[in-house]
Amino acid sequence: MRRDIEPFFAPRAVAVVGASRTPGKIGHEILRNIKLSGFRGNIFPVNPNYGSVLDLPCYRTLADVPSDVDLALIAVPAKLVEGVVGDCVRKRVKSAIIITSGFSEVGRRDLEDRLVSMAKGKMRIIGPNTFGVYCARSSMNATFGPTKVLEGKTAFITQSGALGLALMDWTTEEKYGVSAIVSIGNKADVDDADLVEYFADDPSTSSILIYMEGLKDGRRFFEAARRAVRRKPMVVIKAGRSARGAQAASSHTGSIAGQDAIFAAAFQQAGAMRAEGMTQAFDWIQALNENPVPKGENVVVVTNGGGLGVLSTDRCEMLGLKLMDLSDDLTKQVQDVTPSFGSAKNPIDLTANADDLLYGEVLRLIMRRREVDAVIALFCQTANIDPGLVARAIVDARDKEGLDKPITAAFVGGRMSQMAYEKMLERRFAAYPTAERAVDGMNALMTRHRQLKSFGKGGR
Amino acid sequence: MTATDQRKARTSKVFRSAVDSGRAALLEREADSVAKSYGLRVPPSGLARTEGELASLAKKLGFPLALKVASRDVIHKSDIGGVVAGVTSLKDARSAYREILHNVKAAKPRAVLSGVLVQKMAPKGNEFVVGGTRDPQFGPAVMFGLGGVYVELFRDVSFRLAPLIEEEALEMVKQTKASRLMEGFRGSKPLDARAAAKAIVAVGDIMADHPDVDSIDVNPLFVYPHGALAVDVRVLMRESASQRAGVVRARAPGLAPRQRAPRRPIVKSGGTENGVT
């Protein structure tokens, strides 16, 4: 357990240095979010100009705060940050998040280094240039982002501030919950490796998602990621594929090894799944969070339309997912309940007349079978069947028979289909608007299955 | 000391002598000796400093042979006529020997020669390439891919950080399209993918053990149905390593006599191959 990192996420007392009464100011928004998010510890605004802020007594300096402080949020002008960090160290504050910008991102690495050396061995620092930290377990939203965040199981670490804030809103909107959000900023002190180590141990986090632009110490991240992946899945979005390190032209290896190729190798070797972009990353995370890991490679697809069946088959083939051959026995069972069903092939095509009852019955049949390891359920909106009912039948079938097997679903169609899969998300079901994405989600689970299998065989 | 420690200590001497004499690359025989210490198979060879030595080497190694100039001052040997391959008789060997010395003398009159490297030519295998590189972020890394003249066209390569284990190296092989050659492509025999993986592991171990190495190129690595052979091994040293050595030299010029040795194209000297037998 990283005890030095813990105070960022489970502080008993938080100080907001630079707290403000003016709505819209960062020092106001952060304090407001901490207060409104239901944080149970003590909150101490610090600002010499006010007696109180947001109905909390406000202190002139950190030294005046009448209790120990575990976490200080620093939102003062850049030129005052060094003084505040000094105050923190004297007050024995355990951790500080420096929101203020104007450091290495504008070429002032020297200022940043000074802060880190002042705090060395005494206090850990996140930032500078961050939007803060959210932690579901502590009901603490110490960010100046959206107030309401949906609680979930993924720890999200982001190097980008603006994109991170946007995603924070988006995760809630799209019903992807998070266990924590960390805006990691300039990584002057705490970096990805520290956080990965912390979240690997964090019982409220079951997957780790990182948006990364660069690393200070790639090797340390690699080692930390490799250890973490043995315990929980990790998905990485790495921006900046194009930069290529200057290499000796006389060496073949050097001229072929772009920086990105090495990043890709490091992720792969560590077992971190690299997503091409945001949609894919969240699709994977959702499938991983809402499902058990498959015990084998046998996938069955159930659909009500030939087109979706073909599309999903193509996608499975491309990604290396194995559509199993159905046993005679299972084929017969399915035929018995589906009068119009004629072929023993996988995908199982229930045809356009399939209603919620048929979906439920067939899925229960399939999910009871030991030889089936994973299921993908697809539905095309038709004129006479209510997608909402089918969605409910699929989730019920999983809850009744399939809790030991992973299942993803796609609802393709208009408004009603969208409502249907959103309802599924609320019931913690990995549902998507297209067949390809449902297959992608399943692919993340299958990748995880292979990883765990290789760990079992002593792989590293 | 474990066996791997011993290996590291033994090969460190080779690198140190290269760095101390301000060279940016290992000599071919040095590179081969390091490669061998790490379990890479290299073609049998020897250094001929006289025609008499050439004759006894030819007898020992058998034909066909490749003759290559051995000089710290000649990196791109074939560009100046410093390589003759496909030598199948002693008579041819003698004339190739003279031709090489003549060519080198004409193109690089001031080059210090160690002699002529006499190498047994390997039976043609499927060409792959194994490389070692050093990334500023991640440190030592290895590359594997299809070899030959099209390496840079197809870029059918995969990378891993080093050091790595054999299973990881096998995965690297499988990740390339060239792995289909390993499985036996269009009726040809399957190739020894595990031997290729062992070569990758070896290159990774050299990179990880020796921070002064900038890059390694094994190109080609011949892979056969049984075994693999590192036909050409090139090892480049990091600039910082020779710069460090340069600082030492500046303070104590007497420590690096080789640097100041008269540059004569004398075949008999052999002075730059110290520490390698």
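We name chains A, B, ... by the order of the sequence lines, and we start the count at 1 in each one. For clarity, every value in this text was computed on a predicted model and none was experimentally measured.
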Could you tell me whether A/Glu317 atom CD has more than 12 heavy atoms of other residues or ligands within 6.0 Å of it? no
How many angstroms lie between CZ in B/Arg134 and CD1 in A/Ile262, if you round to the nearest 0.5 Å? 11.5 Å
B/Ala162 versus chain A, heavy atoms under 4.5 Å apart: side chain, backbone, both or neither? backbone
Ignoring hydrogens, what is the shortest heavy-atom contact between A/Ala265 and B/Phe159? Give both atom names and the distance. CB-O, 3.1 Å
Measure the spacing between CZ of B/Phe138 and CZ of A/Phe263 and express it to the nearest 0.5 Å. 4.0 Å
Donor-acceptor pair, A/Gln269 side chain versus B/Glu168 backbone, under 3.5 Å? no
Please indicate whether B/Lys36 has more than 12 foreign heavy atoms, meaning atoms of other residues, nucleotides or ligands, lying under 6.0 Å from its NZ. no
dist A/Gln268:CD -> B/Met172:CE (nearest 0.5 Å) comes out at 9.5 Å
Tell me whether A/Lys120 at atom NZ has more than 12 heavy atoms from other residues, nucleotides or ligands lying less than 6.0 Å away. no
Nearest heavy-atom pair of A/Arg219 and B/Pro163: which atoms, and what distance? NH1-CD, 4.4 Å
